[in-house]
Amino acid sequence: MPTSALPKPFDTGLAERGMERWRQEAQAAGGELGAWAEAFVDDADGRALLEAVAGNSPFLGQILTRELSTVRRIVEEGHDAAFAALMVGVERDGAGERNTDALMATLRVAKRRAALLIAMADIAGAWPLERVTGALSELAETALRLASAHLLRKAADGGMLTLPDPERPWVGSGLIVLAMGKLGARELNYSSDVDLIVLYDDEVVRTPKPDHLARTFIRLARDLVRIMEERTKDGYVFRTDLRLRPDPGATPLAVSVSAAEVYYASVGQNWERAAMIKARPVAGDPEAGAAFLRTLEPFVWRRHLDFAAIQDIHSIKRQINAHKGHREITVNGHDIKVGRGGIREIEFFAQTQQLIFGGRDPRVRIAPTLKAIGALTDTGRVPAAALEELTEAYHFLRRVEHRVQMIDDRQTHRIPETAEGVAHLATFLGYPDGEAFRAALLARLGRVEDRYAELFEEAPPLSGPGNLVFTGTDDDPGTVETLARMGFQDPSRVIAIVSGWHRGRYRATRSTRARELLTELAPGLLEALAGTPQPDAALVNVDSFLGKLPAGVGLFSLFYANPWLLTLVAEIMGTAPQLALTLSRNPLLLDAVLSPDFFDALPGRDAIAAEHARAMAAARDFEDALALSRSWTNDQRFRAGAQILRGITDGDRSGPFLADLADVVVADLANRVAEEFARRHGRVPGGSWVVVAMGKLGSRQLTITSDIDLIVVYDAPADSRQSDGPKALAPNEYFIKLTQRLTNAITAPMADGRLYEVDMRLRPSGNAGPLATSLEAFVKYQGKDAWTWEHMALTRARVIGGDPALAARVDAAVRAVLTAERDPDRLLRDVADMRRRIDKEFGTPNVWNVKYARGGLIDIEFVAQYLQLRHGAAHPDILSVHTAAAIGNAARSGLLDAAVAEELVAALRTWRRVQGFLRLTTDGVLDPAQASPSLVPGLGRAAFPDDPPPVDFAALDTRVRALAARAHDHYRRLVDEPAAQLPPVNTPAPLAEEKPVP
């Protein structure tokens, strides 16, 4: 064997230790083999070969000293004869083997010997690339045939299959083992996985247990993988990958032919068409395998391609930035398989052109990469110079790939990261130093990159921030890097989600056109999501949204024509969980976004009522009314939320709109509930009822996520004994059940969710009291038994529905309570004590908890409520359900300093804006430690809309804390400090446990 082609040992110490082990094994072998081995290591040529192997590859060095007889055969008979004898031996030993462990041992020993033989032929330059890859492929194919035959016999012996020819178990078995990728094209690399698809033809298989058919072949596939890749004392055969099967995340290891045909015909992707170019039956039933591939020919080789399909084919690799003349490639760590200018670009150079032209020209339907490019050249599709350059580069890169893998038998395609590692690889390849290798590698990568980029010079670009490739089964390294740079925390999960869309997992992505549109939309969508506070969570929301769509082409076309709409959806999914939920339930809301008036000023009460009436006119019955009310209300809330998100309105200005919305909807439902209830129970003669809003709804400052505080007051003549319906009820029972029906109508979960959550704990006696209260009991309770905090809550009471005459009486009763004379010291003491108790239970140093933080909403609302109760008797004009209006009234009446009132109202409006924004973008309260930089601009606009946006969160936080501190100072001077000067009392009035704080 000539030594001139052999590389020098990079690690002479490693080479010397290899020689020592060789001599030890020679002595242990003894006899003729030992004598040969001693003589071989002492021969200059023999020693050069051993040092070239052991001094560059620890893996091969270990095999070398275990396989003296194999080395002797190679040296004496030559590589070709030795390999042929090896394959004959493994066929002989494995063909009839019934013991799985024995078969596994046979295959592993054969793999070890073949790995050494093929490596020696490659290192010595005795075999060209095609012979090296062909021998590796032949070994893998033989192992798969023997293992599959063994498992078929085993299944037959177990009574699970009936084999037409037990001596040749593969014949008529229906088992199909398709080799894909490099094995399919007979281009296996030195440490490659074998990509397989395991199928069974359910029309061919014979079985006495048809109910167990799928389970039988799934078990067979699992055992096939174990035989091939399980590591034992003898090593392994080949790592095996089954992820190229149809929709691997949702299908078993073995797929029926009928299911596979349906998949490829309905949701098969263009990259799967490219993969199928190299598909080849290698084990199992050859006739069944050939028949299956014939059925796929229309899927793989389309005679007619529209522009969108060609775009999608190009996008298989076009999303990798291929720029002609670009040379910013670093050798260290470069991936020569999927990196720029690498092997994958040569493969896709062939496959993309094959997909485009192969439907009409069968001459280009060739699996091996270089032969395919040659066929494209012969048919005038590729210039001869490109074929020459790509062929030379392919041979070079595959040789580099093999050396990288031989060093430690690792399935890697990366050039070493360190300079020493590059120098080692250069030596193994026969270069004098690392720099010479670097120059040679960069030259090939550049040529490949240029030729590859030429394919897409006239293809429409996919805009994007870098690699965004979601085809195939392995994560594209460039895509992982791009996604991480964009801010995604789990790029692999992102790739899995987007790949799932392309696999047609959802109804919306099952059509070819929908997936082609998604190809174009994905980069822009991911860029928009990357700008949200939590991109990964935003993508999960988008995934949920797509999963609920009944169809996709229309919506995706809408996005394609209106890119700003896609940006809005990304913004909603990433920053507004409540709106995201609403949009997921009703994607048709996006049609409303396109209406010219969607971003106009929110309408007033009259316009809301008119629009609601038009929507409800379509209700056919009570259930229909419940559904329509939810759908329509959610549409309106979505509109308000989108405007808050875009800064068109804010949490303060939208409060009256959201309250008007609830007023109209709840009042209408109350009437409908009463009508429905009367069908069964009639009406109470002379009776009437009203719905009273409290809390945020009462003060007309609702937020997107607010529940609504309600109480129901009724009145009935003293002589009324029962209602006049078929199922008569006493008045108190009648109105209690009617109230219960109303709350159920509002809160019942339906397709569009609940209308509102309802809180009725502000009724007299709280949870201990009846759901509905008679006017007489209400007046009596408020006059004699109510705590101070209940009168404070009453400052925001407002009738929103029911009988107008009773509404006037309830309003008068409430006003009478609020304008009654009261002990000012007791009032002051109660207000201060109540605030302390709330602070003890809910107090927080987090100023962004704008309800409970000192200087926040409760402090300001308590000031307004205290002033109204303190001065209502003498100054009834102070009263208002609106907190800001009540504070303004106090200032105008001379009861509060105007400057203090102005600051309190400014703080109140700030907190409402902040709360409205946070209710959309967080769980309601912002944790400063989790404040995302992307959230700060929107939060800053919400807090201080008239000022320049804050530089960072720290600056915004400082300013907000200062605002809260000033508001708290005013509260202390108005309430806490005067209360502290009062003499103590022995009987403080505790808050009733069953009643909420106001």
Side-chain angles (χ1 to χ4, degrees), residues 141 144-145 148 152 161 164 170-181 183-186 195-207 210 213-214 216-218 220-221 224 242-248 250-306 309 312-313 316 351 354-368 372 471-473 502-504 510-512 515:
E141 185 174 342
L144 288 165
R145 279 194 292 102
S148 297
L152 285 168
L161 294 177
W170 55 88
V171 175
S173 65
L175 171 67
I176 302 170
V177 180
L178 287 184
M180 308 293 288
L183 177 57
R186 296 183 174 87
D195 293 299
L196 305 176
I197 296 178
V198 178
L199 304 160
Y200 58 94
D201 192 331
D202 30 1
E203 296 293 326
V204 173
V205 177
R206 301 181 190 179
T207 174
L213 183 61
T216 298
F217 281 95
I218 292 167
L220 189 150
L224 179 64
L242 300 180
R243 290 176 299 160
L244 282 175
R245 69 186 185 275
D247 199 1
T251 55
L253 296 180
V255 181
S256 71
V257 164
S258 57
E261 289 175 355
V262 169
Y263 171 84
Y264 290 119
S266 58
V267 295
Q269 300 171 69
N270 280 313
W271 73 264
E272 289 174 303
R273 294 176 58 217
M276 278 294 171
I277 292 174
K278 296 184 177 182
R280 179 171 63 92
V282 293
D285 186 340
E287 290 187 8
F292 175 71
L293 289 183
R294 283 196 297 272
T295 65
L296 287 193
E297 284 185 6
F299 165 67
V300 179
W301 306 112
R302 295 185 193 171
R303 287 191 58 79
H304 304 286
L305 291 174
D306 60 20
D312 191 52
I313 292 167
I316 293 172
Q351 288 173 310
Q354 286 178 288
L355 288 180
I356 292 171
F357 301 116
R360 297 185 300 278
D361 193 342
R363 292 175 295 174
V364 303
R365 301 178 186 179
I366 300 173
T471 58
T473 56
H502 288 290
R503 289 185 183 279
R510 283 179 190 159
S511 76
T512 301
R515 295 193 302 278

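Put simply, the side chain of T207 does not reach to within 4.5 Å of the side chain of T216, judged on heavy atoms. Within the 4.5 Å cutoff, no side-chain heavy atoms of V205 are placed close to those of D285. Between L175 and V198, the closest side-chain pair of non-hydrogen atoms falls below 4.5 Å. Taking the side chain as every heavy atom from C-beta outward, V204 and V257 never approach each other to under 4.5 Å.
Within 6.0 Å of CD in E287 there are 12 or fewer heavy atoms belonging to other residues, nucleotides or ligands. Residue E297 qualifies as enclosed at atom CD: its count of foreign heavy atoms under 6.0 Å is above 12. Few gaps surround CZ on R243; more than 12 heavy atoms of other groups in view lie less than 6.0 Å from it.
To the nearest 0.5 angstrom, L220 atom CG is 10.5 Å from L253 atom CG. Atom-to-atom distance recorded for R273:CZ and L296:CG is 11.5 Å, nearest 0.5 angstrom. Here E141 contributes atom CD and R186 contributes atom CZ; the two are 6.0 Å apart, rounded to the nearest 0.5 Å.
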May I have the step-by-step check of side-chain contact (heavy atoms from CB on, under 4.5 Å) for F217 and L161, ending in yes or no? CA-CA 10 Å; F217 281 95; L161 294 177; 3.9 Å; yes
I'd like to know whether L355 forms a side-chain contact (heavy atoms from CB on, under 4.5 Å) with I277, so could you lay out the CA-CA distance, the side-chain angles of the two residues, the decisive distance to 0.1 Å, and finally the verdict. CA-CA 9 Å; L355 288 180; I277 292 174; 3.9 Å; yes
Go through the steps for L244 and L196 under the test side-chain contact (heavy atoms from CB on, under 4.5 Å), then give the verdict. CA-CA 7 Å; L244 282 175; L196 305 176; over 6 Å; no
Go through the steps for L144 and L183 under the test side-chain contact (heavy atoms from CB on, under 4.5 Å), then give the verdict. CA-CA 11 Å; L144 288 165; L183 177 57; 3.8 Å; yes
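Closest non-hydrogen pair, L224 versus S148, comes out as CD1-OG, 3.9 Å. I218 and P252 get closest at one heavy-atom pair: CD1-CB, 3.4 Å. Residues I176 and A288 share a closest heavy-atom pair of CD1-O, 3.4 Å. Taking each heavy atom of F299 and Y264 in turn, the nearest pair found is CD1-O, 3.4 Å. F292 and L199 make their closest contact through CE2-CD1, 3.4 Å (heavy atoms, listed as atom of the first residue, atom of the second, distance). Considering all non-hydrogen atoms of both residues, R245 and V255 come closest at CD-CG2, 4.2 Å.
The main-chain N or O of P246 is found under 3.5 Å from a side-chain atom of T251 such that the two form a donor-acceptor pair. At distances below 3.5 Å, at least one donor-acceptor pair connects side-chain atoms of R365 with backbone N or O atoms of G358. With Q354 contributing its side chain and I366 its backbone, the two residues share a donor-acceptor pair below 3.5 Å.
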